[in-house]
Amino acid sequence: MNARQSMSAALTAMVAAAGLFVAAAAHAEVPLKAMGGMLVDSQNRTVYTFDKDVAGSGKSTCNGPCAQAWPPVMAAPGAKAEGHYTVITRDDGTMQWAYKGKPVYLFTKDAAPGDMKGDGFKDVWHAVKP
């Protein structure tokens, strides 16, 4: 193998390794996990969906005062869809995670990890069960 071939092989290996790193980083960006039969965020807070959101629409109907009580689970810039997780653009241009096409939220009255005070709230908020 000559120097050019060695350099080409090294470059190919670096690109492949970078691709694996990017895939791992993208996977790590999804801040949600299943715990106790519910979907929770990285701080083990229960995650909710809102019946007024239409699955697959790419939109959240919870803005303004609604989003103050039900904070969206925000996605970092550049976050990528993976499996059941997608990213939507909110009305204000920020990015939010969605699960199975529905935007996901937290509830400000959930004070401790595992609280589910928002489940069934006004019959339109539901804890996500993966």
Side-chain angles (χ1 to χ4, degrees):
M1 183 181 300
N2 65 33
R4 176 175 263 173
Q5 290 172 325
S6 294
M7 185 177 265
S8 178
L11 182 58
T12 300
M14 287 173 33
V15 168
L20 290 174
F21 174 76
V22 169
H27 176 72
E29 289 177 13
V30 177
L32 306 174
K33 62 186 175 188
M35 187 173 94
M38 299 297 152
L39 201 61
V40 298
D41 73 355
S42 61
Q43 296 174 358
N44 298 329
R45 296 176 296 182
T46 303
V47 174
Y48 301 91
T49 57
F50 185 36
D51 284 351
K52 293 183 180 181
D53 289 334
V54 176
S57 70
K59 301 285 287 170
S60 166
T61 60
C62 182
N63 295 287
C66 176
Q68 290 174 358
W70 298 90
V73 178
M74 303 306 291
K80 303 287 184 212
E82 180 181 315
H84 291 301
Y85 300 98
T86 54
V87 178
I88 66 163
T89 302
R90 296 183 50 77
D91 288 353
D92 65 4
T94 59
M95 307 303 283
Q96 178 180 0
W97 285 106
Y99 180 73
K100 294 185 177 179
K102 290 202 77 164
V104 291
Y105 308 86
L106 302 172
F107 186 42
T108 57
K109 294 191 179 183
D110 283 349
D115 279 357
M116 294 178 45
K117 294 176 182 167
D119 193 28
F121 187 82
K122 294 191 177 182
D123 295 325
V124 294
W125 289 96
H126 308 283
V128 179
K129 297 173 184 157

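Keep in mind the model is a prediction, meaning the values are calculated, not measured. The figures here come from the full heavy-atom set of this structure, side chains too, leaving out hydrogens, waters and symmetry mates.
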Any side-chain heavy atom of His126 sitting closer than 4.5 Å to one from Asp51?
-> yes
So does Ala69 get a backbone contact from the side chain of Thr108, meaning a donor-acceptor N/O pair under 3.5 Å? yes
Distance col, row Thr86:OG1 vs Lys100:NZ, nearest 0.5 angstrom, shows 12.0 Å
Rounded to the nearest 0.5 Å, the CH2 atom of Trp70 sits from the CZ atom of Phe121 at a distance of 6.0 Å
Rounded to the nearest 0.5 angstrom, the CE-CG distance for Met74 and Asp41 is 13.5 Å
Tell me, do Val104 and Val128 make a side-chain contact under 4.5 Å, heavy atoms counted? yes
* Asked: Met95, Phe50: one ILVMFWY side-chain cluster at the under-4.5 Å cut-off?
  -> no
message = I'd like to know if Met38 and Val73 are part of one continuous hydrophobic network [Ile/Leu/Val/Met/Phe/Trp/Tyr, side-chain heavy atoms within less than 4.5 Å].
response = no
For Phe107, is there any backbone N or O sitting under 3.5 Å from a side-chain donor or acceptor partner on Arg45? no
Point to revise | Asp92 side chain vs Thr94 backbone, donor-acceptor pair below 3.5 Å | key: yes
Please evaluate residues Tyr48 and Cys62 with respect to the criterion side chain to side chain contact (heavy atoms under 4.5 Å, CB included), reporting the C-alpha separation (whole Å), side-chain torsions for both, the decisive distance (0.1 Å), and the verdict. CA-CA 12 Å; Tyr48 301 91; Cys62 182; over 6 Å; no
Would a 4.5 Å heavy-atom cut-off, applied to side chains only, mark Asp115 and Thr46 as touching?
no
Which word best sums up how the rings of Tyr85 and Trp97 line up, parallel for under 30°, tilted for 30 to 60°, or perpendicular for over 60°? perpendicular
Tell me, do Lys80 and Val30 make a side-chain contact under 4.5 Å, heavy atoms counted?
-> no
Rounding to 0.5 Å, atoms CG (Leu39) and NE2 (His84) come to a distance of 10.5 Å
State, with a plain yes or no, whether a side-chain heavy atom of Ser60 is found less than 4.5 Å away from one of Tyr105. yes
For Ile88 and Pro103, the nearest pair of non-hydrogen atoms, with its separation, is CD1-CG, 3.5 Å
Discussion item. I'd like to know if the side chain of Asp53 reaches the main chain of Thr61, judged simply by a donor and an acceptor atom lying under 3.5 Å from each other, with no hydrogens or angles considered.
Written reply: yes
Is there a side-chain contact between Pro113 and Val40, using heavy atoms and a 4.5 Å cut-off? no
